[in-house]
Amino acid sequence: MEIIREIDIEQRSRANDYVHEVYELVKKRNVGEKEFLQAAREIFDSLRPVFLQHPEFMHNGILERITEPDRVITFRVAWEDDTGKVHVNRGYRVQFNNSLGPYKGGIRFHPTVNSSIMKFLAFEQTFKNALTGQPIGAGKGGSDFDPKGKSEREIMRFTQSFITELSKYIGPDIDVPAGDIGVGKREIGYMFGQYNRLNGGYEAGVFTGKDPNHGGSLGRKEATGYGTVYFVDEMLKEKGDSFDGKTVVVSGSGNVATYAIEKAVQLGAKVLACSDSSGYIYDPNGIDVNTVKLLKEFDNKRIQEYTKFHKEAIFYEGCSGIWSVACDIALPCATQNELEETDALMLIKNGVKAVGEGANMPCTEEAILTFQAKGVLFAPAKAANAGGVAVSAMEMSQNSMRLSWTVEEVDEKLKTVMKNIYASCNNAASRFGSPGNLVVGANIAGFLKVADAMVAHGIH
Ligand code: GLU
């Protein structure tokens with residue numbers, strides 16, 4: 001008995017030392033990359049019990065390998081504005097891990113894009129894509145280009161220049177980009193057109209998020225937002241609860257937020273607020289998603305204009321104030337680190353019961369710990385927002401088969417994927433000693449899939 005305890009203590013300290021040493025290495029290699037280190041730290045904290053049960057992962061250096069991208073491509077993107085002046089932006093593609101399939105992940109056009117943000121997103125994508133259970137690896141790309149205030153033609157010229165360089169590194173069996181912040185079906189259309197022009201063919205499977213009329217999948221646009229709500233619904237069901245009759249606050253008003261609002265309302269909730277980078281709207285009658293779509297999807301207007309159509313709605317400047325709106329369920333669907341500890345404390349004070357991350361890493365580490373300490377149900381992004389990339393994988397399947405599924409078929413498959421992700425996160429959390437902790441569950445379940453494949457494929 002005594003000997004077994006000693007072995008146990010020794011193994012525990014070996015696993016802890018290993019995680020600690022690799023984290024120090026990652027820190028040294030990625031100096032100043034705060035978002036990437038934040039994402040890595042969260043995963044590392046969850047993985048300690050895994051190495052106790054799987055010492056072979058330590059022996060195979062899986063943690064060292066899984067935190068180092070296969071490659072990071074950076075390039076110059078020169079483009080001409082409407083007056084003929086030349087501008088230069090920086091383009092990125094981080095091909096993080098292809099153990100489970102071709103690199104897969106979105107492209108983001110936003111002035112905040114830098115190496116740390118690209119790497120954190122691609123790293124998160126590694127676990128998220130694994131959780132979907134589909135044959136997709138992980139990558140992310142983008143540019144510090146700001147689409148705000150640019151003309152349609154400027155966006156086209158920038159996008160064509162961006163993809164002209166990136167086209168050398170992608171392909172349906174190599175790397176399949178999609179949209180993200182600042183990149184929707186219009187930009188994907190320009191990328192797809194330019195790629196085909198350069199390659200002299202029609203490679204439907206090289207991008208996802210295409211217009212359903214031109215090679216895209218029905219249901220892709222809705223998938224991330226719907227998927228987040230399906231996931232949170234599973235989490236509520238476990239407690240005998242549901243969205244019905246609940247008040248909800250959704251930050252953002254882009255693609256993810258819009259369809260999270262739509263699905264939450266369909267399931268009987270009242271969405272009280274949504275936002276954009278200038279501020280938030282509070283509508284005591286419940287946000288009308290059709291007005292949001294009209295303003296944002298079709299017209300590119302500020303959310304403030306919502307008040308023109310709904311007289312009782314109020315606009316407040318500054319987007320972080322949205323977390324002061326009392327609600328049962330909070331769905332941060334805007335961007336990384338948008339919900340901090342003080343916001344979490346405010347939501348808790350106002351009675352929040354569940355939080356689901358629709359954006360990538362929208363809650364800071366302190367905010368997550370605060371929610372968990374107070375017993376708030378918490379759905380982490382890499383599980384809760386996996387619906388978008390899951391339907392992207394379905395788009396790849398349809399493109400390969402040269403057929404289209406109906407929107408009902410896609411939605412049914414999406415529901416099943418989200419249910420399965422919930423079950424595997426929940427099971428992993430229990431199996432590894434943290435029942436109910438979906439952060440730990442998602443990290444472990446995603447990690448195990450990738451790590452197994454990496455061991456099977458040999459050392460590289
Ligand atoms: N950008 C989305 C994400 O963060 C979707 C990626 C994709 O469809 O490839 O997961």
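Read the numbers this way: they start at 1 and go in the same order the structure lists the ligands and their atoms. Being a predicted model, the structure only gives us computed values, none of them experimental.
To the nearest 0.5 Å, atom CZ of residue Phe432 and atom CG of residue Asn427 are 11.0 Å apart.
Using a distance-only test at 3.5 Å, with no hydrogens or angles considered, no donor-acceptor pair links the side chain of Glu154 to the main chain of Lys150. Looking only at distances, no side-chain donor or acceptor of Asn30 sits under 3.5 Å from a matching main-chain atom of Glu33. Side chain of Lys296 to backbone of Lys301: a donor-acceptor contact under 3.5 angstrom is found.
Here is the list of ligand 1 atoms found below 4.0 Å of a heavy atom in Asp180: 1 (N), 2 (C), 4 (O). Close approach to Ala178 involves these atoms of ligand 1, each under 4.0 Å from a residue heavy atom: 7 (C), 8 (O), 9 (O). In the vicinity of Ser392, heavy-atom distances shorter than 4.0 Å reach the ligand 1 atoms 7 (C), 8 (O), 9 (O). Close contacts of ligand 1 with Gln125, meaning ligand atoms under 4.0 Å from a residue heavy atom, involve 3 (C), 4 (O), 6 (C), 10 (O).
Within the 4.0 Å heavy-atom criterion, the part of Arg220 lying near ligand 1 is the side chain and not the backbone. When heavy-atom distances to ligand 1 are checked against a 4.0 Å cut-off, Asn385 has no atom that comes that close, whether in backbone or side chain. Residue Arg108 does not touch ligand 1, judged by heavy-atom distances below 4.0 Å. Using a 4.0 Å cut-off between heavy atoms, Lys382 makes no contact with ligand 1 at all.
Geometrically, ligand 1 and Val176 share no nitrogen or oxygen pair separated by less than 3.5 Å.
Ring orientation note: the planes of Phe109 and Phe162 are nearly perpendicular, at an angle over 60° on the 30°/60° scale. Using cut-offs of 30° and 60° for the angle between ring planes, the Phe51 and Phe447 rings count as perpendicular.
In this structure, Lys140 is part of the shell of residues with a heavy atom less than 4.0 angstrom from ligand 1. Within the structure, ligand 1 has Gly179 among the residues with a heavy atom less than 4.0 angstrom away. Residue contacts with ligand 1 include Gly105, since one of its heavy atoms falls under 4.0 Å from the ligand.
Comparing Met396, Glu395, Lys128 against atom 10 (O) of ligand 1, the shortest heavy-atom distance belongs to Lys128.
Atom 9 (O) of ligand 1 has Lys104 NZ, 2.7 Å as its closest protein atom, hydrogens excluded (heavy atom only). If you check which protein heavy atom lies closest to atom 6 (C) of ligand 1, you get Gly106 N, 3.5 Å.
Separation of the Phe123 and Phe96 ring centroids falls under the 6.0 Å cut-off.
At a cut-off of 3.5 Å, with distance as the only test, no side-chain donor of Asn97 or Thr126 sits close to an acceptor on the other residue.
Between Lys293 and Glu262, some side-chain heavy-atom pair lies under the 4.5 Å cut-off.
A salt bridge does not link Arg220 with Glu395: every distance from a Lys NZ or Arg NE/NH1/NH2 to an Asp or Glu carboxylate oxygen is 4.0 Å or more.
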